[in-house]
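Only one structure is covered here, and it is reproduced in the block below.
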Amino acid sequence: MSQLNQRHILVAISGGIAAYKGAELVRLLKKQGAVVRVVLSRGATEFITPLTLQALSGEPTHTELLDEAAEAGMGHIELARWADLMIIAPATADVLARLAQGRADDLLTTVALATPAPVAVAPAMNQQMWSHAATQENVQLLASRNIQIIGPDAGEQACGDVGPGRLLEPDGIVAALNQRFENRQLEGKRVIITAGPTLEAIDPVRYLSNHSSGKMGYALAGACAAAGAQVALISGPVQLAPPDRVSMHPVTSAEEMCAAALSLAEGADLFIGAAAVADYRPESPASTKLKKQSGGPLTLTLVENPDIIAQVTQLPNRPALVAGFAAETTSVLVHAREKRVRKGLDMIIANDVADPQTTFGSEQNAVHLITEAGERSLPLASKRVIAEQIISALAAQLPH
Ligand code: C5P
């Protein structure tokens with residue numbers, strides 16, 4: 001499957017003669033399964049119409065920074081956050097200069113500054129402009145900021161010159177973007193992940209549980225498999241399709257999850273506890289449906305569930321790395337730091353579930369990674385992007 005499948009790709013087209021190739025780029029990205037939105041600079045609209053891009057992408061084209069109607073639909077900050085990757089193609093000499101300066105004087109440059117997603121540029125300009133020291137210095141500066149430079153190609157130019165500065169053909173740009181998402185950083189590693197809620201039976205038809213959707217754990221499992229790992233996903237009941245190339249271990253209660261985790265985690269390379277395990281379970285679930293007792297209150301006696309991740313860190317042959325989540329509503333970092341130490345974790349991923357944008361079931365997340373060596377924030381992005389960033393951080397800590 002293409003690495004671009006289901007990715008949110010923001011294509012920004014700036015005003016050069018190669019702008020027409022932006023249409024082909026959008027078409028090819030859609031063919032790979034990407035969800036594409038397009039930003040056109042004002043100059044680009046002289047070469048290609050918003051309607052063409054709208055028809056190809058199936059989404060409204062964005063052209064203005066200060067447009068009330070557009071901002072009411074998907075504003076520029078939302079657009080910046082929506083993207084898993086932004087590709088500016090063609091990127092003119094002027095756009096490269098404005099990006100290098102960090103300007104935000106139109107929609108394209110503003111979104112490029114505001115997005116937490118990776119940014120790539122495919123330059124296209126006259127060969128003399130490309131070779132100019134100013135452009136070359138700008139390109140070097142952008143590359144040093146981790147902006148991917150795709151192309152340019154050399155050859156015949158629209159102005160009649162011959163030399164470097166032609167936009168790389170759209171299929172070459174798509175190949176470069178596909179490669180960017182490909183990584184084999186967990187090649188040959190064995191990863192165990194817990195995800196979703198647990199259900200604790202009260203009687204045959206009722207249970208205690210929580211609002212965990214499993215989305216973060218499933219995104220992590222998918223990202224690990226895409227990075228080359230052999231993944232076992234121990235999942236409580238959720239409404240999600242199993243990720244590709246992941247071996248599924250469905251469970252219901254915390255005790256079942258614990259048994260599965262302890263048998264699979266022995267000797268693994270990485271264990272990630274993303275499940276929202278119920279802290280307590282009814283001491284003795286009724287074997288038949290409890291009847292309503294008119295008038296009086298019903299008392300349930302609850303006993304504590306095993307702390308799965310803390311038991312995993314105590315295994316004789318414990319996984320090389322153990323990471324957990326701390327979903328908190330107050331003093332998030334204080335609680336998370338304490339939990340990391342108490343449970344013997346190598347990393348804890350702190351997550352504010354009081355914030356509606358990052359709570360259970362949301363499509364996006366923003367987290368804070370805490371290890372013994374230091375801390376790092378990952379700003380709001382899709383759970384898929386957050387999962388990939390967490391996996392990169394963990395892969396960097398794994399012994400080779
Ligand atoms: O203590 P708390 O539930 O906040 O800890 C969160 C971390 O511990 C998560 O990684 C969660 O999967 C894990 N955990 C566990 N078993 C429990 C409770 C939490 O593995 N009984």
Side-chain angles (χ1 to χ4, degrees), residues 191-201 207-221 223-224 231-238 240 249-266 268 270-283 302-315 318-319 321-355 358-361 365 367-371 378 383 386-387 390-391 393-394 397:
V191 180
I192 316 299
I193 299 176
T194 65
T198 65
L199 269 52
E200 310 298 332
Y207 56 79
L208 295 177
S209 191
N210 58 62
H211 290 297
S212 169
S213 66
K215 284 178 188 163
M216 196 64 238
Y218 275 56
L220 285 163
C224 287
V231 187
L233 179 57
I234 307 168
S235 173
V238 295
L240 298 172
H249 298 263
V251 295
T252 306
S253 66
E255 285 183 302
E256 284 171 27
M257 185 175 274
C258 190
L262 294 179
S263 75
L264 289 164
E266 190 87 37
L270 174 59
F271 181 94
I272 307 176
V277 184
D279 287 328
Y280 293 93
R281 66 176 185 278
E283 186 175 33
L302 303 180
V303 290
E304 211 174 327
N305 268 327
D307 191 317
I308 302 169
I309 208 163
Q311 292 199 14
V312 165
T313 63
Q314 297 303 313
L315 282 171
R318 63 160 267 173
L321 275 185
V322 180
F325 276 77
E328 305 287 346
T329 53
T330 54
S331 308
V332 178
L333 298 184
V334 177
H335 291 309
R337 289 180 193 123
E338 180 274 324
K339 252 175 216 176
R340 190 189 73 77
V341 176
R342 176 161 47 84
K343 297 188 186 222
L345 308 181
D346 301 287
M347 177 188 284
I348 199 147
I349 302 144
N351 175 195
D352 183 349
V353 287
D355 179 341
T358 58
T359 194
F360 289 132
N365 208 352
V367 298
H368 194 76
L369 307 185
I370 303 173
T371 64
L378 303 181
K383 284 190 171 166
I386 293 287
I390 293 172
I391 296 308
L394 286 166
Q397 278 194 45

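Just follow the structure's listing: the first ligand is 1, and inside any ligand the first atom is 1. These figures come from a predicted structure and were not determined experimentally.
When atom types are taken as modelled, the side chain of N351 and the backbone of V367 share no donor-acceptor pair closer than 3.5 angstrom. The main-chain N or O of A310 is never found under 3.5 Å from a side-chain atom of K343 such that the two would form a donor-acceptor pair.
Of all protein heavy atoms, the one closest to atom 8 (O) of ligand 1 is K343 NZ, 3.1 Å. The protein heavy atom nearest to atom 10 (O) of ligand 1 is G273 O, 2.6 Å. Scanning the protein for heavy atoms near atom 7 (C) of ligand 1, the closest one is F325 O, 3.0 Å. For atom 16 (N) of ligand 1, the closest heavy atom belonging to the protein is I308 N, 2.9 Å.
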Let me see the working for E328 and V334 under side chain to side chain contact (heavy atoms under 4.5 Å, CB included), right down to the final yes or no.
CA-CA 10 Å; E328 305 287 346; V334 177; over 6 Å; no
Working note: V191 + I391, criterion side chain to side chain contact (heavy atoms under 4.5 Å, CB included); need CA distance, chi angles, decisive distance, verdict.
CA-CA 11 Å; V191 180; I391 296 308; over 6 Å; no
Could you please spell out the steps behind the side chain to side chain contact (heavy atoms under 4.5 Å, CB included) verdict for V332 and H368?
CA-CA 9 Å; V332 178; H368 194 76; over 6 Å; no
Begin with the C-alpha distance, continue with both residues' side-chain angles, and end with the deciding distance and a verdict on side chain to side chain contact (heavy atoms under 4.5 Å, CB included) for T198 and S253.
CA-CA 5 Å; T198 65; S253 66; 5.5 Å; no
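Here's the thing with A323: none of its N/O atoms is less than 3.5 angstrom from an N/O atom of ligand 1. For ligand 1, one of its N or O atoms has an N or O atom of A275 under 3.5 Å away. Of the N or O atoms in V277, none lie within a sub-3.5 Å distance of an N or O in ligand 1. Residue contacts with ligand 1: I309 is placed with a nitrogen or oxygen under 3.5 Å of a nitrogen or oxygen of the ligand (distance criterion only). For a threshold of 3.5 Å applied to N or O pairs, the pair formed by K339 and ligand 1 contains at least one separation below that value.
Residue P306 places a heavy atom less than 4.0 Å from ligand 1. Not a single heavy atom of A326 sits less than 4.0 Å from an atom of ligand 1. Assignment of N305 to the shell around ligand 1 is not supported, since no heavy atom sits closer than 4.0 Å.
With hydrogens and angles left out, the side-chain atoms of Y218 and S235 include a donor and acceptor closer than 3.5 Å.
Just one of E255, E200, E304, E256 meets the salt bridge (charged side-chain N to carboxylate O under 4.0 Å, His left out) condition when paired with R281; it is E255.
Listed by atom number, the atoms of ligand 1 under 4.0 Å from G324 heavy atoms are 10 (O).
No salt bridge links D307 with K339; every basic N to acidic carboxylate O contact stays at or beyond 4.0 Å.
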